[in-house]
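Report on one structure; see the data block that follows.
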Amino acid sequence: MADRYLRLTGTAPGRFVTRRLGLPQPAALRRWSERTPELPGPVLRLTAGDAVPDGTGTYGAVVLDAAGVADPEGLGGVHAALHPLARSLAPCGRIVVLGARPQDGGLAHAAAQQALEGFVRSLGKEIGRGCTVQLVRLAPGAAADSTLDFLLSPRSAYVSGQVIEVGPAPEVPAGGARTALVTGAARGIGAAVAETLARDGARVVCLDVPQAGDALAEVAARLGGSALPLDITAPDAGERIAAALPDGLDVLVHNAGITRDRKLANMAADRWSSVIDVNLGSVLRTTGHLLKTGALNEHARIVGTASIAGIAGNAGQTNYAASKAGIIGWVRALAADAEVRGRGITANAVAPGFIETRMTAAVPLVIREAGRRMNSLGQGGLPIDVAETVAWLSAATSGGLNGQVVRVCGQSLLGA
Ligand SMILES: NC(=O)c1ccc[n+]([C@@H]2O[C@H](COP(=O)([O-])OP(=O)(O)OC[C@H]3O[C@@H](n4cnc5c(N)ncnc54)[C@H](O)[C@@H]3O)[C@@H](O)[C@H]2O)c1
């Protein structure tokens with residue numbers, strides 16, 4: 001699982017040799033820890049079209065409000081604001097452009113606001129040094145607080161080139177500790193999600209197949225949570241989850257997933273159906289049961305796990321990509337459902353790119369190395385990067401995020 005190349009370029013001789021050979025120079029990402037809870041410098045806030053301050057300090061982040069850019073000429077204000085700063089952003093710094101939804105104005109507004117997407121995605125690809133660039137589109141009446149907290153922190157280290165829409169958030173009454181269920185929590189991304197939600201104060205219930213019982217019990221015990229050994233595809237999985245949660249559920253993270261790769265011509269029906277059932281069918285069944293029986297509390301947060309394979313497609317993964325694209329369709333439909341919305345429940349998805357886990361360690365070396373490097377940050381992500389994104393989407397304060405699919409892929413070139 002270790003990225004030896006990243007380690008090599010982290011040493012002076014390694015850097016010297018790889019630079020001379022013209023090889024990629026991935027930056028060591030600054031991730032959240034108690035020692036590094038903040039970005040590496042102050043946040044500069046600007047508005048497109050306003051005078052740009054003289055001099056260029058070194059900033060940890062720049063937030064540019066471009067929501068008022070209403071025509072192509074107004075885009076000049078975006079260039080004027082960020083051109084002098086693009087080089088002076090600290091390593092692992094952030095640029096966040098705030099925009100409006102293209103549909104919330106006339107033709108010129110739509111063109112100018114959509115233009116911001118091309119701008120942000122391109123800047124993300126060229127800025128380098130571990131910096132990230134995002135566009136946050138605000139619907140009328142929306143506030144981006146929880147989203148900016150996330151994007152302007154080291155917790156979003158591996159999220160770049162994303163366009164995130166924030167709507168108005170219903171008021172959430174203050175409550176005690178929330179209960180979170182994480183499927184596939186015995187290892188990999190799921191264990192990191194459970195750990196991160198526990199860090200943020202949730203009581204976690206960790207679910208995984210009975211065969212993973214020892215690892216599951218160990219994760220749950222470490223986090224002061226409980227273990228629920230259960231195959232998520234069991235016909236009564238919804239009932240058994242509900243029975244384990246007498247006080248209902250506030251956060252439901254569908255993370256369990258499998259791959260059974262083969263080209264379609266060589267894929268037997270059981271490889272197809274097992275992947276569709278674990279990754280998608282069981283997600284719909286169990287959530288349907290929890291919604292129907294009221295086991296999902298008001299203002300609950302549902303987070304599905306998609307994949308960039310579900311966005312870009314991947315040879316040998318027709319089953320897996322279909323299941324992951326299905327997750328995207330499902331969270332969007334759930335987010336638009338009047339009854340679900342009426343209860344303040346949100347549904348979003350993360351779409352991981354190449355994350356260093358046992359799943360990707362099993363990928364053949366050459367494909368693995370390509371997967372690691374083919375993104376703007378030049379490296380694979382870590383389970384914690386997905387976990388931090390899930391924690392943000394499932395926060396009580398993230399009620400304005402609904403139907404979003406956030407890629408945690410270092411701005412992968414796949415499906416870009
Ligand atoms: N690792 C990556 O690069 C990557 C990329 C994109 C998406 N994903 C997705 O992220 C999720 C986690 O991936 P990972 O890399 O940590 O995988 P992993 O294989 O390390 O962990 C998956 C966990 O899910 C559990 N699980 C599988 N089938 C189950 C079932 N029927 N019932 C209950 N639990 C079950 C497994 O026992 C395992 O503990 C998956 O949905 C995966 O498709 C991973």
Side-chain angles (χ1 to χ4, degrees), residues 1 3 158 181-196 205-220 227-238 240-241 244 252-261 273-283 285-286 303-314 317 319-328 330-331 349-363 367-368 370-372 374-375 379-387 389-390 405-410 412 414-415:
M1 266 180 269
D3 184 345
Y158 198 62
L181 176 85
V182 183
T183 71
R187 67 178 201 214
I189 294 172
V193 170
E195 187 165 352
T196 307
V205 180
C206 303
L207 181 153
D208 211 300
V209 287
Q211 301 90 295
D214 289 350
L216 184 68
E218 192 270 315
V219 171
L228 181 57
L230 174 65
D231 185 329
I232 194 75
T233 63
D236 61 347
R240 290 177 56 191
I241 292 170
L252 170 58
V253 183
H254 285 291
N255 162 82
I258 58 168
T259 52
R260 296 284 181 271
D261 298 355
S273 57
S274 57
V275 168
I276 297 288
D277 201 37
V278 174
N279 297 2
L280 184 62
S282 69
V283 172
R285 280 197 304 277
T286 50
V303 182
T305 305
S307 162
I308 57 167
I311 296 170
N314 200 16
Q317 292 199 314
N319 51 356
Y320 182 75
S323 71
K324 295 301 187 179
I327 289 291
I328 294 175
W330 173 71
V331 295
V350 284
F354 185 100
I355 305 296
E356 306 279 356
T357 66
R358 260 163 67 172
M359 193 181 259
T360 47
V363 172
I367 302 176
R368 185 164 75 230
R372 271 185 181 134
M374 281 174 53
N375 59 72
Q379 58 196 288
L382 301 180
I384 185 65
D385 298 320
V386 182
T389 309
V390 171
V405 178
V406 180
R407 293 170 51 154
V408 186
C409 63
S412 168
L414 301 179

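Throughout, numbering of the chain's residues begins at 1 and tracks the sequence. This structure is a prediction, so every number in the text was calculated from the model and none was measured. For ligands, and for the atoms within them, numbers begin at 1 and follow the listed sequence.
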Pick from Ile355, Leu382, Val386: which one makes a side chain to side chain contact (heavy atoms under 4.5 Å, CB included) with Tyr158?
Ile355
Compute the shortest N/O to N/O distance between Lys324 and ligand 1 and return yes if it is under 3.5 Å, no if not.
yes
Any N/O of Thr360 closer than 3.5 Å to an N/O of ligand 1?
no
Using a 3.5 Å cut-off on N or O atoms only, is Ile232 in polar contact with ligand 1?
yes
With heavy atoms and a 4.0 Å threshold, my read on which part of Pro383 contacts ligand 1 is neither
Between the candidates Ser274, Gly257, Gly188, which shows the shortest non-hydrogen contact distance to atom 22 (C) of ligand 1?
Gly257
Considering distance alone, does some N or O of Ile355 sit under 3.5 Å from an N or O of ligand 1?
yes
Applying a heavy-atom cut-off of 4.0 Å, say which part of Ile189 lies close to ligand 1: side chain, backbone, both or neither.
both
Going by heavy atoms in the side chains, are Asn314 and Tyr320 under 4.5 Å from each other?
no
Please check if the side chain of Asp385 supplies one atom and the backbone of Val408 the other of a donor-acceptor pair under 3.5 Å.
no
Mode of Asp231 contact toward ligand 1 - side chain, backbone, both, neither (heavy atoms, under 4.0 Å)
both
Hey, does Ile241 have a side-chain heavy atom less than 4.5 Å from the side chain of Leu230?
yes
Where does Val278 meet ligand 1, judged by heavy-atom distances below 4.0 Å: at the side chain, the backbone, both, or neither?
side chain
With heavy-atom distances below 4.0 Å as the criterion, list the atoms of ligand 1 near Ile258.
27 (C), 28 (N)
CG (Asp214) with more than 12 external heavy atoms under 6.0 Å
no
Best match, Asn255, Leu228, Val209: closest heavy atom to atom 11 (C) of ligand 1
Asn255
Counting both backbone and side chain atoms, is some N or O of Gly353 under 3.5 Å from an N or O of ligand 1?
yes
Note the single closest protein heavy atom to atom 24 (O) of ligand 1, along with its residue, its atom name and the distance in Å.
Gly184 CA, 3.4 Å
